[in-house]
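Dropping a structure here in structure tokens format, bear with me for questions.
Just so it is clear, the model here is predicted, and its values are computed rather than measured. Numbered from 1 within each chain, the chains take letters A, B, ... in sequence-line order.
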Amino acid sequence: MPELPEVEVTRRELAPRLLGRRISAVHTTAPSYFFLTPPASLKRRLKGCVVVDLRRRGKYLLACLDSGDVLLLHLGMTGQLFTAKARSPRLLSATARSSLAPEQIAGFKPDRHTHLRLCFADGDEDVIFRDVRKFGKVRLLPSGQSDPRLDKLGVDALEATGADLFAAASKRRAPIKTLLLDQGVIAGIGNIYADEGLFLARVRPSRRADRVSADECDRIVQSCQAVMLRSIETGGSSIADYVRPTGGDGGYQDERKVYAREGLPCPICGARIVRRVLGQRSTHYCPRCQR
DNA sequence: CGTTACACCTGAGGGC
DNA sequence: TGCCCTCAGGTGTAAC
């Protein structure tokens, strides 16, 4: 689910509820590839720490600790990061659903998908990381150490320029949409906002990258930014799993023009929105507006 | 190197 | 109701 806007909304809403609080206990599920840092060492290094800053790079969140360590978080496809008063820590709910409705967060019970739960010395709400498909990631970066995943990221999508895209695009024959999804070129754009940005820029997703002009690259980057900034304003897209840290839904799914709108009329020209697969990702566009 | 196919995992929804 | 299929906001890796 989460692309740059959802991660940014999560960062903004989580920060005031997390910063400055001392971690008193850490609960996790069993070791799995979800934990790039094994649960045992995660607990060791987190306990007693205070998160002093919460940053974002592309789709990653970086929680900076007073110890100098950095907790690296990625929400994958179904990650949910929120705060709640967890009831009955040892009582595991049997419900296994991918999406957790906002009203369920109020009376949240940790279940088998609740992979990380931070408790605090103030005894107030826990910070919870829940992820059904476990495509999300948690890693504790020891002070001063870098991470290959972060090192590989290109310029953040909100800071990118058309020139950044054009420089990469002119050397590549892959579809332009594939480049937009390449986190090593521009970091933060995912499947929804690639489709929505290309629609706003009126460029067909399948166009060979090396045949997209510099002007079009300008338009594409500006359109992606406009769409993502608007999504941040509305709290992100809550299509299946995404919830805000406060338990609310985002609003951007109601403003989508093409994503998951196959067969429905284009809001500009009325033509039927087309869906086709590009680079193993579902892709949506208007066959008349986008050339 | 760039590009593509596939794997990782769980749940929802549709067709029969 | 159950089974089997496809689909899902991502990304790392292997193979051409």
*Check the distance between C/dG12's P and A/Asp182's CG and give it to me in whole angstrom.*
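Going from CG in A/Asp182 over to P in C/dG12 covers 11 Å.
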
_Shortest non-hydrogen separation from A/Cys266 to A/Cys269 and the atoms involved_ =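 Scanning both residues completely, I find the closest heavy atoms to be SG-N, 3.4 Å.
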
*Quickly work out the A/Arg281 CZ to C/dA8 P distance and round it to whole Å.*
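It works out to 8 Å between those atoms.
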
*Starting from C1' on B/dA12, measure out to CZ on A/Arg133 and report it in whole angstrom.*
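Going from A/Arg133 (CZ) to B/dA12 (C1'), I get 11 Å.
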
*Does the separation of the ring centres of A/Phe129 and A/Phe34 fall below 6.0 angstrom?*
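When the ring centroids of A/Phe129 and A/Phe34 are compared, they turn out to be within the sub-6.0 Å range.
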
*Does A/Lys137 have a side-chain nitrogen or oxygen under 4.0 Å from the phosphate oxygens OP1 or OP2 of C/dT11?*
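So the side chain of A/Lys137 is outside the cut-off, no N or O lying under 4.0 Å from OP1 or OP2 of C/dT11.
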
_Under 4.0 Å, counting only non-hydrogen atoms across every strand here, what does A/Phe34 touch: a base, just sugar-phosphate, or nothing?_
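Nothing: the residue A/Phe34, judged by heavy atoms under 4.0 Å, touches no strand.
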
*Could you state the CG-P distance from A/Leu4 to C/dG10, rounded to the nearest angstrom?*
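Between P of C/dG10 and CG of A/Leu4: 12 Å.
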
*asked:* Please classify the nucleic acid contact of A/Arg256 as base, sugar-phosphate, or nothing, using heavy-atom distances under 4.0 Å.
replied: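 Counting heavy atoms under 4.0 Å across all strands, no contact is made by A/Arg256.
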
*asked:* Over all strands shown, is A/Lys59 touching base, sugar-phosphate only, or nothing at heavy-atom distances under 4.0 angstrom?
replied: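 Since only primed, P, OP1 and OP2 atoms lie under 4.0 Å of A/Lys59, the category is sugar-phosphate.
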
*Would you mind classifying the nucleic acid contact of A/Ser282 as base, sugar-phosphate or nothing, using non-hydrogen atoms under 4.0 angstrom?*
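Counting heavy atoms under 4.0 Å across all strands, the contact made by A/Ser282 is with sugar-phosphate only.
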
*Inter-nucleotide P distance (B/dC9, C/dC3), Å rounded*: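 The answer is 23 Å between these two P atoms.
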
*Options B/dT10, B/dG2, C/dT11, nucleotide nearest the side-chain atoms of A/His74*: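 So the side chain of A/His74 is nearest to C/dT11.
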
*Respond yes when some side-chain nitrogen or oxygen of A/Arg112 is under 4.0 Å from OP1 or OP2 of B/dG11, and no when none is.*
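For A/Arg112, the contact criterion (side-chain N or O under 4.0 Å from OP1 or OP2 of B/dG11) is met.
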
*Run the numbers on A/Ser282 and A/Arg275 for side-chain hydrogen bond (donor to acceptor under 3.5 Å, both in side chains), then give the verdict.*
CA-CA 7 Å; A/Ser282 183; A/Arg275 172 186 177 274; 2.8 Å; yes

_For the residue pair A/Arg204 and A/Tyr285, would you count it as a cation-pi contact if the rule is NZ or CZ under 6.0 angstrom from the ring centre and within 45 degrees of the ring axis?_
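No - A/Arg204 does not lie over the ring of A/Tyr285 by the 6.0 Å and 45° rule.
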
*Nearest-nucleotide pick for A/Val132, side chain only, options being B/dG11, C/dG10, B/dG2*: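 Closest nucleotide to the A/Val132 side chain: B/dG11.
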
*Euclidean distance, atom CG of residue A/Asp131 to atom P of B/dC8 [Å, nearest integer]*: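 Computing the A/Asp131:CG to B/dC8:P distance gives 17 Å.
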
*Could you state the CG-C1' distance from A/Leu36 to C/dG10, rounded to the nearest angstrom?*
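Value for this atom pair: 14 Å.
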
*Contact class for A/Ser231 (heavy atom, under 4.0 Å): base, sugar-phosphate, or nothing?*
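Counting heavy atoms under 4.0 Å across all strands, no contact is made by A/Ser231.
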
*Closer than 4.0 Å, any side-chain N/O of A/Arg275 to the OP1 or OP2 of C/dA8?*
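Affirmative; the distance criterion is met.
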
_Could you identify the nucleotide paired to B/dC9, looking across every strand shown and requiring Watson-Crick or G-U wobble geometry with both distances under 3.5 Å?_
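Base-paired to nothing in any strand shown.
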
*asked:* Tell me whether the rings of A/Phe35 and A/His115 are parallel (<30°), tilted (30 to 60°) or perpendicular (>60°).
replied: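 Aromatic pair A/Phe35/A/His115 classed perpendicular.
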
*Nucleotide nearest A/Ala174 (side chain, heavy atoms from C-beta), chosen from C/dG10, B/dT4, B/dT10*: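 For A/Ala174, the side-chain atoms sit closest to B/dT4.
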
*asked:* Within the 4.0 Å heavy-atom criterion, would you say A/Gln183 contacts the bases, only the backbone, or no part of the nucleic acid?
replied: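 Sugar-phosphate: the residue A/Gln183, judged by heavy atoms under 4.0 Å, touches backbone atoms but no base.
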
*Counting only heavy atoms not in A/Arg55, do more than 12 fall under 6.0 Å of its CZ?*
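Atom CZ in A/Arg55 is not crowded, with 12 or fewer foreign heavy atoms closer than 6.0 Å.
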
*Shared ILVMFWY cluster between A/Leu165 and A/Leu229, side chains joined below 4.5 angstrom?*
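In one cluster: yes.
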
*How would you label the contact of A/Tyr33 with the nucleic acid (heavy atoms, under 4.0 Å): base, sugar-phosphate, or nothing?*
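Since only primed, P, OP1 and OP2 atoms lie under 4.0 Å of A/Tyr33, the category is sugar-phosphate.
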
*Are A/Phe135 and B/dC8 stacked, counting the six-membered base ring, centres under 5.5 Å, planes under 30°?*
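The base of B/dC8 is stacked with A/Phe135 (centres under 5.5 Å, planes under 30°).
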
*asked:* Whether A/His113 contacts B/dG11 is assessed here as follows: a side-chain N or O lying under 4.0 Å from the phosphate OP1 or OP2. Is that the case?
replied: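 Checking B/dG11 against A/His113, a side-chain N or O does come within under 4.0 Å of OP1 or OP2.
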
*Does a side-chain N or O from A/Arg173 land closer than 4.0 Å to OP1 or OP2 of B/dG2, or not?*
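Checking B/dG2 against A/Arg173, no side-chain N or O comes under 4.0 Å of OP1 or OP2.
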
*Over how many whole Å does the gap from A/Ile239 atom CD1 to B/dA12 atom C1' extend?*
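From A/Ile239 CD1 to B/dA12 C1': 15 Å.
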
_The side chain of A/Arg149 is closest to which nucleotide in this list: C/dG10, B/dT10, C/dG12?_
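Of C/dG10, B/dT10, C/dG12, C/dG12 is nearest to the side chain of A/Arg149.
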
*What's the CG-P distance between A/Leu278 and B/dT3, to the nearest Å?*
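Rounding to the nearest Å, CG of A/Leu278 and P of B/dT3 are 13 Å apart.
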
